[in-house]
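Single-structure report; data block below.
Count residues from 1 along the sequence. Counting starts at 1 for both ligands and their atoms, in listed order.
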Amino acid sequence: MENNEHNKKYDDLFTPLEKEILALIIKAKVLNDLTEIKNKYLSKKGEFSILMNKIREVDDKKAFGEAFNFARKKLESAFNEKVEEFKRLALNEELQKDSLDITLPGNNFKSGAMNPFYKVKREIEDIFVGMGYTVENGPEVDSDKYVFELLNIPKDHPARDMQDTLYIDDNLLLRSHTSSVQAHVMEKANGKPIKIICPGKTFRRDDDDMTHSHQFAQVEGLVIDKDINLGNLKATLELFAKKMFAKDAKIRFRSSYFPFTEPSVEVDVSCFNCKGKGCSVCKGSGWIEILGAGMVHPNVLKMSGYDPEVYSGYAFGIGIERVAMLRYGIDDIRRFYQSDVKFIKEFNKKVED
Ligand code: FA5
């Protein structure tokens, strides 16, 4: 049966209260008014609901029920409509409060920038990983054995003077070069071929100036296998220089001395700024020194369990800050450590160019 098609015999019983409640619903100003109406009239024991109890007193219970339900539904739908109206109003009010003024200037989003030192460190890693090297780590606090002795630098060797560092006790010290990782890696490899780089912090008792810092970073490279020769080292470093500095970059080897390599070389790269003609960046020479390298000394191989008659190898140690300085024309190594945002952003832009 449709709502209004009911037996109207008992409608009058409900009409007065129904009208009163409808008037209150219409008058309600806030949600709380509706709650009060519900409690007083429409809840289980509300004044309207208990009218149903009168069913016991009437003869035609079916007609009574129909009239009651008809009135109840009318009240319920008026009540629910009012609730919805209040919700809509509340939402509109909320939206008004939250409204965006698109004419206001936007907030400047500040993004971080990577220190050029880390950019160059990653680039160096990428270049060597691209050549099949794996990246190893070694301890920054290490023992005399690994930093010096296994590198053919016994106690009282004069080469120790150039790499004085901070000693924690007679045996433990802050490593003065990443070459200390060589013997660790050889121990682990247990006589098998090696092709690694190890980037990391190094420490020396050097006076800080434009190109020296008491803490700096190097990337060690070590390759050990059968038939490794100086030509392999030169080709590797040439490729590194071309990828890091310029496609037409050249390198040259200058004879040098390290107790752990024989022969030993200092490696210069042709000045990327003047292409070898001579300028202020390369101090007029056309070349810039970037690293030390050489063929692993037979004593070093022997001490770490490799037969120098069967195995040979090369090693190199690149100063990361020096490469970054050359790459970006930075004149003072201390700039890397000062956390100057303006400086960092400037060189970030240059990398992106
Ligand atoms: C060494 O440290 C050798 N271990 C490199 C090596 C490895 C040779 C493997 C042979 C085989 P050297 O002291 O020259 O070498 O340092 C290498 C690089 O570290 C330098 O070319 C320079 O770029 C950087 N370097 C050295 N001392 C400092 C310093 N105080 N501040 C900043 N960079 C430095």
- prompt: Judged by atom type as modelled, is there a donor-acceptor pair below 3.5 Å linking the side chain of S180 to the main-chain atoms of V147?
  reply: no

- prompt: Which residue and non-hydrogen atom of the protein lie closest to atom 15 (O) of ligand 1, and at what distance in Å?
  reply: F258 CE2, 3.4 Å

- prompt: Considering distance alone, does some N or O of Q218 sit under 3.5 Å from an N or O of ligand 1?
  reply: yes

task: Among all protein heavy atoms, pick the one closest to atom 31 (N) of ligand 1 and tell me residue, atom and distance.
output: S213 N, 3.0 Å

query: Where on F260 is there a heavy atom closer than 4.0 Å to ligand 1, on the side chain, on the backbone, on both, or on neither?
result: side chain

- line: Note: heavy atom closest to atom 23 (O) of ligand 1, options R322, Q182, H212, belongs to R322

message: Using ring centroids (six-membered ring only for Trp), state whether F79 and Y41 fall under 6.0 Å.
response: no

statement: Result for salt bridge (Lys or Arg N to Asp or Glu O under 4.0 Å) between D268 and one of R254, K250, K283 points to R254

message: Would E220 count as being in polar contact with ligand 1, using the rule that some N or O on each side must be under 3.5 angstrom apart?
response: no

message: Could you check whether any heavy atom of T211 sits closer than 4.0 Å to an atom of ligand 1, since that is the contact criterion I want to use?
response: yes

message: So, 4.0 Å and heavy atoms of Y314: is ligand 1 close enough to count as a contact?
response: no

field: N232 backbone acceptor or donor facing T236 side chain under 3.5 Å
entry: yes

message: Which residue and atom name correspond to the protein heavy atom nearest atom 6 (C) of ligand 1, and how close is it?
response: G292 O, 3.6 Å

query: Closer than 4.0 angstrom: is that true for some heavy atom of R204 and an atom of ligand 1?
result: yes

- prompt: Would you call the rings of F128 and Y133 parallel, tilted or perpendicular, where under 30° means parallel and over 60° means perpendicular?
  reply: perpendicular

Straight-line distance of I21 CD1 to L75 CG, nearest 0.5 Å: 5.0 Å

- prompt: If we only count N/O pairs under 3.5 Å, is H177 in contact with ligand 1?
  reply: yes

message: I'd like to know whether the aromatic ring centres of Y146 and H184 sit less than 6.0 Å apart in this structure.
response: yes

- request: Decide whether a cation-pi geometry holds between K226 and Y311; the criteria are a distance under 6.0 Å from NZ or CZ to the six-membered ring centre and an angle within 45° of the ring axis.
  value: yes

- line: The protein heavy atom nearest to atom 24 (C) of ligand 1 is G319 CA, 3.8 Å

Heavy atom of M162, distance to ligand 1 below 4.0 Å: no

task: Could you check R335, E321, E346 and say which one makes a side-chain contact (heavy atoms from CB on, under 4.5 Å) with I330?
output: R335

task: List every atom of ligand 1 that sits less than 4.0 Å from any heavy atom of E289, numbering the atoms from 1 in the order shown and giving each element.
output: 21 (O)

statement: Within 4.0 Å of some non-hydrogen atom of I333, the atoms of ligand 1 are 32 (C)

message: Students should be able to answer this: which protein heavy-atom is nearest to atom 33 (N) of ligand 1, and at what distance?
response: F216 CD1, 3.4 Å

task: Would you check the N or O atoms of S179, main chain and side chain alike, for any that come under 3.5 Å of an N or O of ligand 1?
output: yes

- request: Determine, using ring centers only, whether F68 and F48 are less than 6.0 Å apart.
  value: yes

message: Between ligand 1 and D206, is the shortest N or O to N or O distance under 3.5 Å?
response: yes

message: Would you say that more than 12 heavy atoms from the other residues, nucleotides or ligands in this model lie under 6.0 Å from the NZ of K242, or not?
response: yes

